[in-house]
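Protein chains get the first letters and strands the later ones, always in sequence-line order, with residue 1 at the start of each.
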Amino acid sequence: MKASQLFFPTLREVPSEAEIISHQLLLRAGFMRKTSAGVYTYLPMALRVLKKIENIVREEMDKAGGQEILMPIIQPQEIWEKSGRWSLYGNEMFRLKDRHDRGFALGPTHEEIITTLVDGEVHSYRDLPLLLYQIQNKYRDEIRPRFGLMRGREFIMKDLYSFDLDEAGLDVSYKKMYKAYKAIYDRLGLDYRVVEADSGAIGGNESHEFMVLAESGESVIVYCQKCDYAANVEKAECGLEKQEPPVNNQQEMIKISTPGQRTIQDLVDFTGRPASEQIKTLMYVADGELVAVILRGDRELNEIKLKNVLQCQDLFMADEMTVREKCQAGFGSLGPVGLNVPIYADLETERLQNFTCGANEDDYHFTNVNLGRDFVPEIIADLRNAEAGDICPVCGEPLYTIRGIEVGHIFKLGTKYSDALDATYRDQNGQDQAIVMGCYGIGISRTLAAAVEQKNDADGIIWPLAIAPYQVIIIPVNNKKDDQVEAANYLYKELLNQGVEVILDDRDERAGVKFKDADLIGIPLRITIGPKSLQENKAEVKKRWDEEILLVEMDHVVQHVLDTIKNV
RNA sequence: CGGGGCGUGGCGCAGUUUGGUAGCGCGUCUGAUUUGGGAUCAGAAGGCCGCAGGUUCAAAUCCUGUCGCCCCGACCA
């Protein structure tokens, strides 16, 4: 492609709306433009990248036995009501009506459709297992779309659904997908980690997320350097340190005056005791009932764990009015002692001795409080977020944290949807059985953004070769010099003949502009034809991720490029 | 949904407090000189100041409404 013909409107200045680097670069490099909040138009360069990602995904899905289909974006209300999610999905679902006032949704996901389809067409154990997938636009009316493609309201996703006879079959399908996903991210050329994830309310006992590592990632991962353990902090189990329980040295509980001290930090400053010897008390409303949660002062509650322990549908923090009514004290002076709501205690609190907590009276706290003696929790369970320095639940070594962008998620659905939508097959004994399902997603457009987020420098994007919009860009330094133009044209044609995806920057621009643009759009290999090297009948070859400039004999350039592409 | 901010040529912004002929930089177009990291000079085009009302002799500026966009929050007391 000749640059003069290529539609890639680059910007010198950073668009003010873009917050993170991938968003800025994708706009600046002329890959996309915003159409509406969280909705983007992909320009030719981005579309090429998307197609490459899609193709890698497609090949690996096919290799794993998947068959591609294409389901509609627009989905009837009816099937969502059957699965019960028409009401459950809430405001995140785009809803619309047709002229007959019938309800539809723009599909945020496709379990309903595919299960209905399979229910209609699969009747016998002979028809299973079945792996069906699609690459399709999805729609979620996010509360707050942000970070460009990272959290859009329209996005492209690959979703595969597995249908099996039983749990054992599901295990096989799941492992196939796990393997295929690893192959995909290896081929994409991105640094990633597979982490154990929360399968949440969906049910099923196994779930993994595929995380592209990046500073700006929205997910925090804990991982062990010694063994393979890695998990989303939302899921990571928090074990207790191996140290012996403290010797019993319980002291008499004392009430202390703490005027105006509300936060844990206030109390650390005021009492001189570290946050790890304080207890914080959080009040939640779970399915309408007020509950208290206690944690060490330096820990964070994990709401997902709490929700799992409480077995509730609906969970949110209580407002101060509600709390004051029930507890005679406001936030900041709450504590477990004498509290008339059920207490859910984090594991660690049992280890604490003589800790400090609110006295359920404004401006007063207790110190030397002890669990068991001064109050008794309803349940003691793992309720907090994992942190760096926690011990690995597998091998006991300290854990580290790192941030990642969730680009893939696989989980076992079991029979949740097949039960709800009555998708069954007839087994060898003539009995109807629920089909056992799994569901496996990859955010295609998000993967594009994640790649930029991970691979960039001050000059622009650095595409991995496997997904670069073009592999090579040829820049004649001065397109008024016939010998340069001629040499550039020669290489351009030769590379095209070899099937290399190449841009010839034939624009009437100064060298600086062409270099800047080449760096910005992130083409992996750059061939420069300039007067100095051309005199020796050589071209300069530079890798985008490398400073080194190689002088290559004109006759060897094509082979050199082919070798480089092959070896990376 | 709460809080904050912003809508002024394609992009980035100033002008709004104190109403009085709409500006700057980048980009675009023409010409010349240039040509190894976002050139220089000369000239030019391009904006009913988000939209709709209102106040006023006069509104980008004041008032009301509305739409859109961005940021923070909506969990750690």
Side-chain angles (χ1 to χ4, degrees), chain A residues 9-20 23-24 27-30 33-39 90-91 141-148 234 258 260-268 275 278-286 292-307 315-320 323-324 327 329-335 346 357-358 360 362 365 383-385 387 458-460 475-481 484-485 505 507-521 526 528-535 539-540 542 547 549:
Chain A
T10 55
L11 303 172
R12 289 196 181 191
E13 292 174 86
V14 180
S16 60
E17 68 186 48
E19 187 74 1
I20 60 168
H23 190 191
Q24 293 173 355
L27 292 172
R28 279 194 60 208
R33 289 292 183 259
K34 184 172 68 186
T35 297
S36 171
V39 180
N91 292 330
D141 194 359
E142 293 283 344
I143 313 177
R144 183 145 86 88
R146 59 181 130 181
F147 304 142
E234 292 174 359
T258 53
Q261 311 299 311
R262 288 178 57 86
T263 66
I264 290 290
Q265 190 54 49
D266 288 345
L267 286 165
V268 169
Q278 318 264 355
I279 285 267
K280 63 174 145 193
T281 307
L282 312 178
M283 303 299 278
Y284 272 84
V285 179
V293 183
I294 61 169
L295 300 162
R296 237 169 69 176
D298 56 338
R299 299 304 194 189
E300 290 183 3
L301 175 68
N302 181 324
E303 280 191 6
I304 295 172
K305 288 179 181 175
L306 179 61
K307 208 167 171 178
L315 182 72
F316 58 90
M317 287 202 104
D319 62 80
E320 189 151 8
V323 170
R324 194 167 280 284
C327 308
F331 295 160
S333 291
L334 295 174
D346 180 63
C357 64
N360 298 321
D362 285 340
H365 282 73
L383 294 175
R384 69 180 176 93
N385 274 341
E387 297 174 9
D459 291 315
I475 298 181
V477 165
N478 185 337
N479 77 332
K480 292 269 174 19
K481 303 284 188 208
Q484 289 181 30
V485 172
D505 198 341
R507 293 176 301 168
D508 186 14
E509 291 285 358
R510 295 168 65 87
V513 173
K514 294 190 266 198
F515 289 141
K516 286 286 182 193
D517 273 346
D519 287 347
L520 182 59
I521 64 180
R526 186 180 84 197
T528 308
I529 311 287
K532 299 171 213 159
S533 46
L534 194 56
Q535 243 172 8
E540 300 163 26
K542 183 182 172 300
E547 283 307 307
I549 294 173

With a 4.0 Å cutoff (strictly under), does any side-chain N or O of [X] reach OP1 or OP2 of [N]?
{"X": "A/Arg510", "N": "B/A39", "value": "yes"}
{"X": "A/Arg146", "N": "B/C72", "value": "yes"}
{"X": "A/Lys514", "N": "B/U35", "value": "no"}
{"X": "A/Ser36", "N": "B/C69", "value": "yes"}

Between [options], which nucleotide has the shortest distance from any of its atoms to the side chain of [X]?
{"X": "A/Thr528", "options": "B/A74, B/G36, B/C69", "result": "B/G36"}
{"X": "A/Glu540", "options": "B/C76, B/G38, B/G36", "result": "B/G36"}
{"X": "A/Asp519", "options": "B/G37, B/G36, B/G38", "result": "B/G37"}
{"X": "A/Glu19", "options": "B/C71, B/U35, B/G38", "result": "B/C71"}
{"X": "A/Glu300", "options": "B/G37, B/C72, B/C76", "result": "B/C76"}
{"X": "A/Lys480", "options": "B/G37, B/U35, B/C76", "result": "B/U35"}
{"X": "A/Pro15", "options": "B/A74, B/G36, B/G12", "result": "B/G12"}
{"X": "A/Glu13", "options": "B/G12, B/A39, B/C1", "result": "B/G12"}

[N] [atom2] sits how many Å from [X] [atom1], rounded?
{"X": "A/Glu509", "N": "B/G36", "atom1": "CD", "atom2": "P", "result": "14 Å"}
{"X": "A/Ile279", "N": "B/C76", "atom1": "CD1", "atom2": "P", "result": "18 Å"}
{"X": "A/Leu11", "N": "B/G12", "atom1": "CG", "atom2": "P", "result": "8 Å"}
{"X": "A/Asp505", "N": "B/U35", "atom1": "CG", "atom2": "C1'", "result": "14 Å"}
{"X": "A/Glu17", "N": "B/G12", "atom1": "CD", "atom2": "P", "result": "8 Å"}
{"X": "A/Leu267", "N": "B/C76", "atom1": "CG", "atom2": "C1'", "result": "14 Å"}
{"X": "A/Asn91", "N": "B/C1", "atom1": "CG", "atom2": "P", "result": "9 Å"}
{"X": "A/Asp508", "N": "B/C29", "atom1": "CG", "atom2": "P", "result": "11 Å"}

Touch class at under 4.0 angstrom, heavy-atom based, for [X] against every strand present:
{"X": "A/Leu334", "result": "nothing"}
{"X": "A/Asn479", "result": "nothing"}
{"X": "A/Val14", "result": "sugar-phosphate"}
{"X": "A/Arg28", "result": "base"}
{"X": "A/Pro9", "result": "nothing"}
{"X": "A/Ile475", "result": "nothing"}

Take A/Glu17 and A/Lys34, measure what salt bridge (charged side-chain N to carboxylate O under 4.0 Å, His left out) needs, and give me the verdict at the end.
CA-CA 10 Å; A/Glu17 68 186 48; A/Lys34 184 172 68 186; 3.2 Å; yes
How far does the [atom1] atom of [N] sit from the matching atom of [M], given to the nearest Å?
{"N": "B/G15", "M": "B/U21", "atom1": "C1'", "result": "14 Å"}
{"N": "B/C63", "M": "B/G19", "atom1": "P", "result": "12 Å"}
{"N": "B/G54", "M": "B/U61", "atom1": "C1'", "result": "15 Å"}
{"N": "B/U8", "M": "B/C13", "atom1": "C1'", "result": "10 Å"}
{"N": "B/A60", "M": "B/U16", "atom1": "C1'", "result": "7 Å"}
{"N": "B/C62", "M": "B/U56", "atom1": "C1'", "result": "10 Å"}
{"N": "B/C26", "M": "B/G38", "atom1": "P", "result": "14 Å"}
{"N": "B/G36", "M": "B/A22", "atom1": "C1'", "result": "41 Å"}

With both distances under 3.5 Å as the test, what is the Watson-Crick or G-U wobble partner of [N]?
{"N": "B/G73", "answer": "B/C1"}
{"N": "B/U21", "answer": "none"}
{"N": "B/A58", "answer": "none"}
{"N": "B/C41", "answer": "B/G31"}
{"N": "B/G68", "answer": "B/C6"}

State whether the distance check finds a donor on one side and an acceptor on the other, under 3.5 Å, for side chain [X] versus base [N].
{"X": "A/Arg12", "N": "B/G37", "value": "no"}
{"X": "A/Asp459", "N": "B/G37", "value": "no"}
{"X": "A/Asn478", "N": "B/G36", "value": "no"}
{"X": "A/Arg526", "N": "B/G36", "value": "no"}

Answer whether the closest heavy-atom distance between the side chains of [X] and [Y] falls below 4.5 Å.
{"X": "A/Lys532", "Y": "A/Leu534", "result": "no"}
{"X": "A/Arg526", "Y": "A/Asp519", "result": "yes"}
{"X": "A/Val477", "Y": "A/Arg510", "result": "no"}
{"X": "A/Thr281", "Y": "A/Val293", "result": "no"}

Strictly below 4.0 Å, N to O, side chains only: are A/Arg146 and A/Glu19 in salt-bridge contact?
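No.
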NZ/NE/NH1/NH2 to OD/OE distance under 4.0 Å, A/Arg299 and A/Glu387
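Between A/Glu387 and A/Arg299 there is a salt bridge, with a charged N closer than 4.0 Å to a carboxylate O.
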Considering heavy-atom distances to RNA chain B, does A/Ile264 or A/Ile143 have its closest nucleotide positioned more toward the 5' end?
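Its nearest nucleotide lies further toward 5', so the answer is A/Ile143.
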For A/Ile529 and A/Ser16, take the nucleotide of RNA chain B holding the closest heavy atom to each; which residue's nucleotide lies nearer the 5' end?
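It is A/Ser16, whose closest nucleotide lies nearer the 5' terminus.
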Shortest non-hydrogen separation from A/Ala518 to A/Ile475 and the atoms involved:
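Here A/Ala518 and A/Ile475 meet closest at CB-CD1, 3.9 Å.
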Measure the CG-CD1 distance between A/Asp346 and A/Ile279 for me, rounded to the nearest 0.5 Å.
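The CG atom of A/Asp346 sits 8.5 Å away from the CD1 atom of A/Ile279.
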